[in-house]
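Atom set for the values below is all heavy atoms of this structure, side chains included, hydrogens, waters and symmetry mates excluded. Reminder, nothing fancy here: chain letters follow the sequence lines and each chain counts from 1. What you see is a predicted model; the values in this text were computed from it and never measured.
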Number of protein chains: 2
Amino acid sequence: MLHHHHSVTCRHHDKHSAQEVLDEALHRAKDGGLRRTRALEDVLRILIASHQPLNLADISESKGLKSGADRATVYRLLVKLEERGIIRRLGLHDRSTYYTMLEHDRHDDYLICTGCGRIQRLDIQCPVEALERDIEKASGFKKLHHELEFYGLCPKCA
Amino acid sequence: MLHHHHSVTCRHHDKHSAQEVLDEALHRAKDGGLRRTRALEDVLRILIASHQPLNLADISESKGLKSGADRATVYRLLVKLEERGIIRRLGLHDRSTYYTMLEHDRHDDYLICTGCGRIQRLDIQCPVEALERDIEKASGFKKLHHELEFYGLCPKCA
DNA sequence: ATACATGCAAACATTTTGCTTTGGC
DNA sequence: GCCAAAGCAAAATGTTTGCATGTAT
């Protein structure tokens with residue numbers, strides 16, 4: 001349950017430094033059989049630095065992509081990273097697919113303006129964790145995770 | 001909170017008959033300035049009959065589309081129906097956009113298999129309603145609604 | 001040395017639009 | 001009769017793949 005005197009928007013108080021998160025991700029990528037290339041590091045760094053989900057265009061056109069890697073390269077990296085559970089795919093109402101880092105001790109829900117498309121990470125205690133475990137048991141589905149987004153009109157667009 | 005002795009899957013016990021839902025939707029469409037065409041009725045009927053979200057291809061190739069309406073026609077109807085709050089768009093992890101009827105007294109959450117793509121409506125009491133109202137107040141966003149999906153591997157695919 | 005990663009270009013899937021004709025009100 | 005809706009076809013958008021070449025291990 002959310003307390004009204006707390007901000008509902010993201011406070012960006014990461015538990016781990018960007019460097020730690022990167023090292024961990026690179027380690028997991030290596031274990032997953034990926035080679036340590038410039039493009040891989042760039043993509044991870046960009047995702048870690050972003051406080052929003054990013055899509056393929058965002059990443060492949062990012063200033064942070066020092067290697068200047070091709071769209072196809074970035075695409076293939078994203079697929080591999082997702083398969084290995086290092087990043088997560090999100091289906092926001094945009095035509096494109098969004099990605100975020102998947103950090104163990106953090107879960108993100110989003111608040112999205114249907115007018116301007118602004119995506120805001122919510123700093124809330126997610127209320128569906130218990131439910132998720134129940135559904136896992138009751139349905140026989142394995143490795144459950146969830147996606148929760150709130151849509152509405154932001155103050156500017158309303 | 002879900003009780004373990006209850007099924008977690010949809011029981012299809014609609015509170016209103018399909019005809020009632022259709023009449024209500026047509027009425028709201030009319031109020032929204034839409035003309036009562038064959039294609040409109042077909043699209044609504046198809047959505048009402050479906051116990052799953054449907055995408056543009058599903059609808060425009062459906063047997064139920066007696067009028068044989070064009071893809072573009074169906075597309076434009078879907079846009080108009082969504083603008084008027086009669087149907088809802090969903091961003092499932094598929095490449096396409098899905099739609100469902102938006103019924104006042106029903107809220108749908110989904111369980112989706114990341115292996116075979118099967119979409120299952122969940123018959124649960126959604127735990128985020130209260131949170132939604134809090135976020136609405138705290139964020140200044142208007143007309144909030146949410147989308148909640150659980151992803152995982154179904155028994156067959158696991 | 002080998003297998004994986006990359007770049008480029010082309011193929012795909014799906015959505016979206018322009019324009020003319022049709023049809024509901 | 002007027003304006004919205006439909007039909008057809010083409011454009012736009014974003015993703016995905018094939019293949020020759022480069023590069024990490």
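A/M101 pairs with exactly one of A/I86, A/L22, A/L81, A/D108 by the side-chain contact (heavy atoms from CB on, under 4.5 Å) rule, that one being A/I86.
Judged by atom type and distance alone, A/R35 reaches the base of C/dC4 through a side-chain donor-acceptor pair under 3.5 Å.
Remark: C1' of C/dT6 and CG of A/L77 are 9 Å apart, rounded to the nearest angstrom. Rounded to an integer number of Å, the gap from CG of B/L56 to P of D/dA6 is 14 Å. If you take CD of B/E83 and P of D/dA5, they are 11 Å apart, rounded to a whole angstrom. Atoms CG (B/L34) and C1' (D/dA4) sit 9 Å apart, rounded to a whole Å. In this structure, the CG atom of B/D70 is 17 Å from the P atom of C/dC19, given to the nearest Å. Straight-line distance from the CG atom of B/D58 to the P atom of C/dT14: 10 Å, rounded to whole Å. Rounding to whole angstrom units, CD1 of residue B/I59 and P of D/dA6 are separated by 14 Å. If you measure from atom CZ of A/R71 to atom C1' of C/dG7, you get 14 Å, rounded to the nearest angstrom.
Ring centroids of A/H93 and A/Y151 are separated by less than 6.0 Å, placing the two rings close together. Remark: aromatic rings of A/H146 and A/H107 are close, center separation under 6.0 Å.
Taking for each of B/V79 and A/G33 the nucleotide of DNA chain C with the nearest heavy atom, the 5'-most of the two is the partner of A/G33.
B/Y75 has a side-chain polar atom (N or O) that falls below the 4.0 Å cut-off from OP1 or OP2 of C/dT16. The phosphate of D/dA6 has OP1 or OP2 within less than 4.0 Å of a side-chain N or O from B/T37. Taking side-chain N and O atoms only, A/T73 has a distance below 4.0 Å to OP1 or OP2 of C/dG7. OP1 and OP2 of C/dA13 both lie 4.0 Å or more from every side-chain N or O belonging to B/S96.
Within 4.0 Å of B/K80, counting heavy atoms only, lie sugar-phosphate atoms of the nucleic acid but no base atom. B/R76 comes within 4.0 angstrom of a base, heavy atoms only. Across all strands, A/A57 comes closer than 4.0 Å to no nucleic acid atom at all (heavy-atom distances).
Salt bridge B/E24/B/R28: present, at least one basic N to carboxylate O contact under 4.0 Å.
Around atom NE2 of B/H27, no more than 12 heavy atoms belonging to other residues, nucleotides or ligands sit under 6.0 Å away.
Comparing C/dC25, D/dT13, C/dC8 by their closest approach to the side chain of A/R95 singles out D/dT13.
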